[in-house]
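Here the structure comes first, spelled out in structure tokens, and everything after it is commentary.
All values below come from the heavy atoms of this structure, side chains included, with hydrogens, waters and symmetry mates left out.
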Amino acid sequence: MPKIENIDAEYVTDKNGVKKSVILPLDDFYELLEELEDMAAVAERKDEPTISHEQLVEDLKKNGLL
């Protein structure tokens, strides 16, 4: 995730100098969108049951995926 201090953002201000909009480089914009999608996926799955790493490895081996 890009650190806010590393984003080369430009601001659009109103006549009083109040920031109203932001202009981001496309790479930063797409990276932020990807992070938001990842966080949304985590939030959607937060109540799903979990399994141990050992169980995951065992299941993958049973299914021929590892």
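Asp27 contributes atom CG, which lies 11.0 Å from atom CG of Leu32 (distance to the nearest 0.5 angstrom). Taken to the nearest 0.5 Å, the NZ atom of Lys61 stands 9.0 Å off from the CD atom of Glu58.
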Please set out all donor-acceptor pairs under 3.5 angstrom arising from side-chain atoms of residues 42-53, sequence neighbours excluded.
{"unit_1": "Arg45", "atom_1": "NE", "unit_2": "Glu48", "atom_2": "OE1", "d": "3.1"}
{"unit_1": "Arg45", "atom_1": "NE", "unit_2": "Glu48", "atom_2": "OE2", "d": "3.4"}
{"unit_1": "Arg45", "atom_1": "NH2", "unit_2": "Glu48", "atom_2": "OE1", "d": "3.1"}
{"unit_1": "Ser52", "atom_1": "OG", "unit_2": "Gln55", "atom_2": "N", "d": "3.0"}

Give every donor-acceptor pair under 3.5 Å between a side-chain atom in residues 7-17 and any protein atom, sequence neighbours left out.
{"unit_1": "Asp14", "atom_1": "OD1", "unit_2": "Asn16", "atom_2": "N", "d": "2.9"}
{"unit_1": "Asp14", "atom_1": "OD1", "unit_2": "Gly17", "atom_2": "N", "d": "3.1"}
{"unit_1": "Asp14", "atom_1": "OD1", "unit_2": "Val18", "atom_2": "N", "d": "2.9"}

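The backbone N or O of Leu24 sits nowhere less than 3.5 Å from a side-chain atom of Asp28 that would complete a donor-acceptor pair.
In the hydrophobic clustering of this structure, Ile23 does not group with Phe29; members are Ile, Leu, Val, Met, Phe, Trp, Tyr whose side-chain heavy atoms approach within less than 4.5 Å, directly or through other members.
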